[in-house]
Amino acid sequence: MSLVDSLIERMSLTEKLGQLTMTACGQAVTGPTIAGDSTEAIKSGAIGNLLNLVGAANVHDMQRLAVDESRLGIPLLIGYDVIHGHRTLFPIPLGEASLFDPEAWASSARESAKEAAADGLAMTFAPMLDVARDPRWGRGAEGPGEDPFVAACMAEAKVRGFQGGGLTHADCLASVAKHFCAYGGVTAGRDYAPVDISERTLHEVHLLPFAAAVAAGAAAIMPAFTDLNGVPMTANKVLLRDWLRGRLGFDGLIISDYNAIAELIRHGIAADLADAAALALKAGVDIDMMADAYRRGLPLALKRGTVSMAEIDESVRRVLILKERLGLFDDPYRRGKVRESAAALEKRRGLARHIATRSIVMLKNDGDALPLRRSVRRLALLGPLTDASAEMRGVWWGAAAPEGHVTVLQGLRTALPESQILQADGVAIDGADTGGLSAALRLCESADAIILCLGEAAVMSGEAASRAHLGLPGMQRQLAEAVFEQAQRASIPVIVILFSGRPLIVPWLVEKANAVLAAWFPGSEAGHALADVITGRQGPSGRTPVTWPRALGQVPIFFGERPSGRPFDSHDRFTSKYLDVANEPLFPFGFGLTYGRFELSNLRLSRAAIALGDVLTVQVDVINRGAREAQETLFLFTHDKIASVSRPKLELKGFGKIELRPGGSGTVTFSLGAAELRFLGMALEPVFEPGEIEILVGPCADRTQLQVASVQLVA
Ligand code: NOJ
C-alpha cells in the first residue's frame with residue numbers, strides 16, 4: 001500500500017479535515033508572532049497547511065510541531081504570495097509583461113522561487129493569470145495585461161520558472177495558477193463584484209491561460225473570489241470539476257482563495273457553513289484557505305449526507321500527493337536548510353535591474369529629450385515618487401522590507417556623479433497639502449532638465465484597490481502644471497516618470513511633457529533601472545501590455561475587439577463612435593518607443609496556402625535608421641476576414657525581438673501553426689475554416705503601422 005493510502009486509512013476525521021485546511025500565521029502582517037492557537041491545532045493534526053509564515057527558522061519550528069508532535073507526523077504545506085519576488089523584487093507582473101520576453105519571465109520566477117524556498121517556503125500563490133481589460137480594476141497590476149495569448153505565454157514561463165527542475169528540488173515551489181477564472185471581468189472594474197460575460201469570451205479569453213498553466217504542469221489552481229454568470233467560482237462544479245479536471249485532465253490541487261468558501265453564504269448560494277463547505281468540496285476545492293469551513297462545516301455536511309467520506313478522502317489524497325511530490329515526507333526541512341550566498345543575492349539583484357530596465361515603456365520622447373546628456377549640470381528631481389523606496393516595491397512585496405529599494409534619486413546620483421541633483425517632493429502622493437510646492441518650483445529655476453516622478457502609491461493597485469478616477473491622485477496635477485509652466489518659460493525640458501499599477505489617464509500630461517516613461521513599479525532596482533534608461537546606458541524597450549485609454553469613458557478598451565457592422569466613418573453620422581472623444585486609445589497595445597528608429601519591409605510568407613498540420617514561416621526585414629543601438633519588438637497578428645463567427649479585428653499569435661546597431665538590419669522570423677488559426681465555431685467547438693487569413697506584423701496593435709500579407713487556409 002502506498003504511503004498516502006496507508007495514511008488515509010489511519011486518519012481520523014479531524015486529521016483529514018486538518019489536511020484540507022490552510023490557516024494564516026499572521027506573521028506577514030504583524031511580525032514574527034505565530035498565532036498561539038495554531039500551535040495546538042498543528043500538534044493535534046487539526047491544521048495541516050499554513051500561509052503567511054516566512055523565515056526558515058520559523059517555518060522549521062512549525063514544521064517540527066507537525067512532524068514530531070502530531071500523531072501521524074504529516075509535514076505542513078506552507079505557502080506564500082511570492083508574486084514578483086520574495087525579498088528581492090522584480091517589477092510588478094504588469095511591468096514584467098511589458099518585456100514580452102518569456103525567458104525573462106521564467107528567470108525572475110526561478111530566482112524568486114530560489115529565494116522563497118531558501119526561506120523555507122514550498123508553495124507560491126502565483127502566477128496570477130487574469131486577463132484584465134478594465135484599468136479601474138486594481139488587480140490588473142498583478143497579471144499579464146489584456147491579451148490571452150500573452151497571458152498563456154506568461155503562464156507557461158512562470159510555472160516553468162517557479163517549479164524549475166521538479167517539485168522535489170529544494171529550490172522549487174509548487175505554483176498555484178490563479179484566479180480561475182474571469183476575475184478580470186468584474187463589473188465596472190470594482191473588485192470582488194459579479195462577473196457576467198459570454199461563454200465565448202470565457203473560452204476565447206479567460207480560460208486560455210489556465211489551459212497553458214495546466215499544460216505546463218502547475219501544481220495547483222486557485223478559484224477566483226467572484227461569481228461567473230451567477231455561479232461563484234469556489235462552487236463552480238462545471239468549470240472546476242468538468243472542465244479543469246474532466247476536460248483538461250488536471251489532477252493537481254485546488255485551493256480556495258482567502259475565506260472564499262464561507263463567502264458562498266453571502267453570494268447567496270449557501271445557507272450555512274456546512275452547506276458552503278459541501279458545495280465547495282463537491283465542486284472540487286481540496287483546500288480551504290482561511291474560512292475554517294471544512295473543519296467546522298464538513299462534519300455536519302457528512303451527517304446531512306450532502307458529502308461523502310469518499311469525497312473527503314479524494315481531496316485528502318491530493319493534498320498528501322502534493323506533499324509527497326514536494327519531497328516533504330522524505331525531508332520536511334529540505335527547503336531553508338542552506339543560506340544563500342552573498343554572490344547569489346548579488347546576481348539576483350543584477351537580474352532584477354536588467355528586467356526592470358527592460359520593463360520601462362517610453363511613451364513619448366520629443367526632440368530627443370532622452371537620453372539625458374551626461375554633461376547635464378543641474379537636474380531638478382521633483383515629485384512624491386523621487387525618493388520613495390517602499391513605493392518602488394509595488395503591489396505584493398512578499399517578504400521585502402520597505403527600505404533598500406533603489407530610489408530614482410539614488411539611482412541618478414550614482415549614474416551622474418558629476419551632476420548636481422536637487423530633489424523635492426513638492427506634494428505628497430495623495431492628500432491636499434500644497435505647502436511644499438513653491439520650494440519645489442524654486443529648484444527648477446537654474447535646472448538644465450527637470451525630472452518629475454508622479455503616479456500612484458503602491459497600495460493604489462492590487463486587491464481591493466479599484467479606482468473610479470484614473471488621473472494623478474492628490475495635488476500632483478497642480479505640481480505638474482506649475483512645473484510645466486515654469487519650464488516652458490525657461491525652455492527647460494521636462495521628463496515625466498509615471499509610476500502606476502495601471503495605465504493612468506493623463507493625456508494633458510503626455511501632451512505637455514517632453515518625454516514620458518511608464519515605469520509601472522520596477523521593484524528593488526527601480527532607481528538604477530530608470531537611471532540606465534534616462535542616461536542611455538540601456539535603451540528603453542518595454543511595450544505596453546494594455547491598451548492605454550485617452551478617456552475613462554472608453555473603458556473597457558482593448559485591441560481584440562470584433563468588427564462592427566458600422567465601423568467609424570467620419571462622413572457618416574450613424575457609425576460606431578463617441579460624440580466627444582476619438583475611438584482610438586492614447587497608445588495602442590504594444591506601443592513603446594526606443595532610442596532607435598526602425599523600418600520594416602518585405603513581409604513574406606513561406607507559402608501561399610496552408611492546411612491543418614502545416615506550419616507557416618513569416619518573416620520581415622528590419623533596419624535601424626536611428627542614431628543609437630536599440631531593441632525592437634514586433635508583433636504577429638492575424639485576422640480571419642470571413643468566418644462563420646465574426647472574428648476579432650486583430651488576434652495576437654506571436655512576438656519577437658531584434659537588436660540592431662545604427663544602420664544595422666536583420667530579419668525577424670515567426671512560426672505560425674495552421675492549427676492556431678482554428679477558432680471556436682457557433683457550438684463553441686474548434687473549427688478550421690478554409691479561406692483567407694490576413695497576416696499582420698508590426699510594432700504595436702495599430703493597423704496603420706502593420707505590414708500585411710495573406711495566406712489561404714485549405715481543407
Ligand atoms: C487573496 C488574494 O485574492 C489571493 O490572490 C492571495 O493569494 C490570497 N489572498 C492569499 O494571500
Side-chain angles (χ1 to χ4, degrees), residues 91 98 353-354 356-388 392 406-426 440-455 479-480 483-499 509-520 522 525-542 592-597 624 626-631 661-662:
S98 309
R353 177 175 182 161
H354 182 63
T357 304
R358 295 172 62 216
S359 72
I360 296 162
V361 182
M362 186 159 74
L363 296 174
K364 181 177 180 183
N365 190 20
D366 258 16
D368 290 336
L370 286 174
L372 214 61
R373 286 156 209 38
R374 276 179 181 275
S375 57
V376 61
R377 281 174 307 112
R378 261 168 173 267
L379 197 59
L381 188 54
L382 308 177
L385 285 139
T386 48
D387 196 23
M392 296 299 105
V406 186
T407 68
V408 184
L409 178 64
Q410 292 165 340
L412 282 173
R413 286 216 163 124
T414 311
L416 300 169
E418 316 276 277
S419 312
Q420 190 184 8
I421 300 177
L422 310 166
Q423 182 267 341
D425 282 8
L441 289 175
R442 270 199 300 278
L443 300 187
C444 297
E445 280 161 17
S446 53
D448 302 315
I450 300 167
I451 298 183
L452 260 177
C453 296
L454 306 172
L479 169 69
V483 167
F484 285 132
E485 209 187 292
Q486 179 151 346
Q488 205 181 21
R489 275 204 305 266
S491 299
I492 309 170
V494 182
I495 295 148
V496 173
I497 306 175
L498 272 183
F499 294 91
L509 181 84
V510 174
E511 200 191 310
K512 289 184 180 166
N514 297 80
V516 180
L517 298 174
W520 314 108
E525 288 287 308
H528 289 321
L530 281 155
D532 283 347
V533 167
I534 289 170
T535 59
R537 187 174 169 270
Q538 184 88 60
S541 61
L593 302 170
T594 69
Y595 291 152
R597 195 162 55 79
N624 181 2
R628 301 179 69 95
E629 175 164 355
Q631 188 185 62
R661 283 203 295 268

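When reading the values below, keep in mind they use all heavy atoms of this one structure, side chains included, and skip hydrogens, waters and symmetry mates.
- With rounding to the nearest 0.5 Å, the separation of CG in Leu381 from CG in Leu409 is 5.5 Å.
- Separation of atoms CD (Glu525) and OG (Ser359) is listed at 12.0 Å; rounding is to 0.5 Å.
- For Thr594, there are no side-chain hydrogen bond (donor to acceptor under 3.5 Å, both in side chains) partners at least two apart in sequence or on another chain.
- Between Tyr595 and Gly539, the shortest heavy-atom distance links the atoms CD1-CA, 3.7 Å.
- Taking SG of Cys453 as the start and CE of Met392 as the end, the distance is 7.5 Å to the nearest 0.5 Å.
- Between Ala424 and Leu443, the closest heavy-atom pair is CB-CD1, 3.6 Å.
- For Gln538, the side chain to side chain contact (heavy atoms under 4.5 Å, CB included) partners two or more places apart in sequence, or in a different chain, are Thr357, Asp532.
- Contact record, Leu385 with Leu454: CD1-C, 3.4 Å, taken as the closest heavy-atom pair.
- Between Leu452 and Leu479 there is a side-chain heavy-atom pair separated by less than 4.5 Å.
- Closest approach of Pro493 and Asn514 over heavy atoms only: CA-OD1, 3.5 Å.
- In this structure, Cys444 and Leu382 have side chains that are in contact, with non-hydrogen atoms separated by less than 4.5 Å.
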Would you give me the side-chain donor-acceptor pairs under 3.5 Å for residues 413-420, sequence neighbours excluded?
from, atom 1, to, atom 2, distance (Å)
Arg413, NH2, Ile421, O, 2.9
Thr414, OG1, Gln410, O, 2.8
Ser419, OG, Val376, O, 2.7
Gln420, OE1, Arg378, NE, 3.2

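- To the nearest 0.5 Å, the span separating CD1 on Ile451 from OG1 on Thr386 amounts to 10.5 Å.
- Separation of atoms CD1 (Ile534) and CG (Leu412) is listed at 5.0 Å; rounding is to 0.5 Å.
- Nearest heavy atom pair, residue Arg628 against residue Gly536, reads NH2-O, 3.5 Å.
- Judged by distance alone, with hydrogens and angles left aside, the side-chain atoms of Gln486 form a donor-acceptor pair with the main-chain N or O of Leu441 at under 3.5 Å.
- Separating the CD1 atom in Ile495 from the CG atom in Leu370 is a distance of 4.5 Å, to the nearest 0.5 Å.
- Val533 has its side chain out of reach of Met362: every pair of non-hydrogen atoms, C-beta onward, lies at least 4.5 Å apart.
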side-chain contact (heavy atoms from CB on, under 4.5 Å) between Leu372 and Asp448, intermediate numbers included: CA-CA 10 Å; Leu372 214 61; Asp448 302 315; over 6 Å; no
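- Taking all atoms of both residues into account, the shortest heavy-atom contact from Asp368 to Arg373 is O-NH2, 3.6 Å.
- Side-chain atoms of Asn365 do not come within 3.5 Å of backbone N or O of Ala515 as any donor-acceptor pair.
- Remark: the Ser98 side chain and the Trp520 side chain contain an N/O donor-acceptor pair separated by less than 3.5 Å.
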